[in-house]
Amino acid sequence: MDYEDFFAGRISDLKTEGRYRIFIDLERQAGSFPKAVHHLDNGEIRNITVWCSNDYMGMGQNSDTLAAMHQVIDKCGAGAGGTRNISGTNHYHVLLERELANLHDKEAALIFGSGWMANMTALSTLGALIPGCVIVSDAKNHNSMIEGIRHSRAEKKIFKHNDVEDLDRFLSHYDSDTPKLVAFESVYSMDGDIAPIKEICDVADKHNAMTFLDEVHAVGMYGKNGGGVAEREGLMDRITIIQGTLAKAFGVVGGYIAGSGAMCDFVRSYGSGFIFSSSMPPAVAAAATASIRYLKQHNEMRERHQERAATLKRRLTEAGIPVMPSVSHIVPVLVGDVVLCKQASDDLLMKHNIYVQPINYPTVERGTERLRFTPTPLHTDADMDHLLSSILEVWSRLGLKQAA
Ligand SMILES: *Cc1c(COP(=O)(O)O)cnc(C)c1O
């Protein structure tokens, strides 16, 4: 085989399909988020406004977060120095796990290098080691859950997205003694819809199943302490395993699960992705802890965040731009064509200094290509005025779909 030819051929397939990913080279500016510097290949630099960051609350530049990070770098140095078992458990990891257990009102929490690793490791470990375990998974679950379930080699069933009756039907095939786990998300990040958590828990209880809830797009942003949608709805105690990230609303990096002491100890003791990977830098753990504490105490940030999202949805709708229905902070705008979606994003970036990434297959279904806006508490009215006039220009220049 000509290896180089093979690689080049598969890349050219992606380009033909319009699915080749081009990364925008950004330099974030602490202190002026959501502004950033955009580096072009020719060395030119431009000032832009980011409208698609998952640093949903701007915590990546929060002064408490940065102070904690600086302090602990100076105190403990750069890296953790090992896996958790071999010299890599730092006191700041212990404090972070306590903070997370407290956030979700659970006995324990366990941190990982990323949210992806948390899902992958927890689901693959539980699915592989609980004898005869069946995992019932929402059709729109994130790649990290799908990979974890696949890797577990447990029997897998996929229920229709957010469809409680379909879930009930699948669970009814097994007797009450068969171990079962229902895996789903609270806020789905591409559509901005929210799972019927209570109804899913009711069905899971009826069939004696565990629940695994990915709150990656909700922690820090929902609930009076930022514990997520399950906190907002008073349902945290009904979820067996809550999974989250430290990289989105908390603005740092890392992932975790929270649940019973025995469950966390089990994943800690048997999960390869936890055991054999070096732990996160202590300064990262300290920054995440500071960020969680800050968001616990600043409900007004959550109110402002929701207001910004509602205002953007309203203004786009009034302007005839097709905002897709979303009950969360996510503002998806339908383009419905892979080439035009990329063109709209390119024009916004190069002609209007607005960065919003096009979202294409396989992240979303073909024909539903979209621009996904994530307004933060730090996007001003002036930013929004500029966004609106720019979108209107691009929509009319490219002849894009209007709202129905
Ligand atoms: C981003 C994401 C993850 C992974 O979290 P990271 O911390 O970015 O690795 C997991 N689940 C969902 C739904 C996500 O969108």
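When a residue number appears, it is its place in the shown sequence, counting from 1. We use all heavy atoms of the structure for the numbers below, so side chains are in, but hydrogens, waters and symmetry mates are not. Note that ligands are numbered from 1 as they come in the structure, with each ligand's atoms numbered from 1 the same way.
- Of the heavy atoms in Asn119, only side-chain atoms (C-beta onward) come closer than 4.0 Å to ligand 1.
- Taking CG from Asn162 and CG from Asp191, the interatomic distance works out to 9.5 Å, rounded to the nearest 0.5 Å.
- Ring planes of His329 and His305: tilted class, angle from 30 to 60°.
- Any N or O atom pair closer than 3.5 Å counts here, and Trp116 shares at least one such pair with ligand 1.
- Taking any N or O of Gly115, backbone or side chain, at least one lies under 3.5 Å from an N or O belonging to ligand 1.
- Relative to the six-membered ring of Tyr20, Lys15 meets both conditions, a distance below 6.0 Å and an angle of at most 45° to the axis.
- In terms of N/O distances under 3.5 Å, ligand 1 is approached by Thr245.
- When hydrogens are left out, the protein atom nearest atom 1 (C) of ligand 1 is Lys248 NZ, 1.5 Å; that is the closest non-hydrogen contact.
- Between His161 and Tyr188, the ring-plane angle classifies as perpendicular under the 30° and 60° cut-offs.
- Ligand-side atoms of ligand 1 in range of Ser144: 10 (C), 11 (N), range being under 4.0 angstrom from any heavy atom.
- The protein non-hydrogen atom at the shortest distance from atom 3 (C) of ligand 1 is His142 CE1, 3.5 Å.
- Within the 4.5 Å cutoff, no side-chain heavy atoms of Phe250 are placed close to those of Asn62.
- Of all the atoms in ligand 1, the ones that sit under 4.0 Å from a non-hydrogen atom of Glu185 are 13 (C).
- Using cut-offs of 30° and 60° on the angle between ring planes, the pair Tyr294 and His298 is parallel.
- The nearest heavy-atom contact from the protein to atom 15 (O) of ligand 1 is His217 NE2, 2.4 Å.
- Here Asp166 pairs with Arg169 under the side chain to side chain donor-acceptor pair (under 3.5 Å) rule; sequence neighbours left out.
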Item to check | Candidate pair Lys106 and Asp237, rule salt bridge (Lys or Arg N to Asp or Glu O under 4.0 Å), full reasoning | outcome: CA-CA 8 Å; Lys106 295 288 186 195; Asp237 64 326; over 6 Å; no
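- Heavy-atom proximity to Ser114, at under 4.0 Å, picks out these atoms of ligand 1: 7 (O), 9 (O).
- When hydrogens are left out, the protein atom nearest atom 11 (N) of ligand 1 is Asp214 OD2, 2.7 Å; that is the closest non-hydrogen contact.
- Residue Met117 does not touch ligand 1, judged by heavy-atom distances below 4.0 Å.
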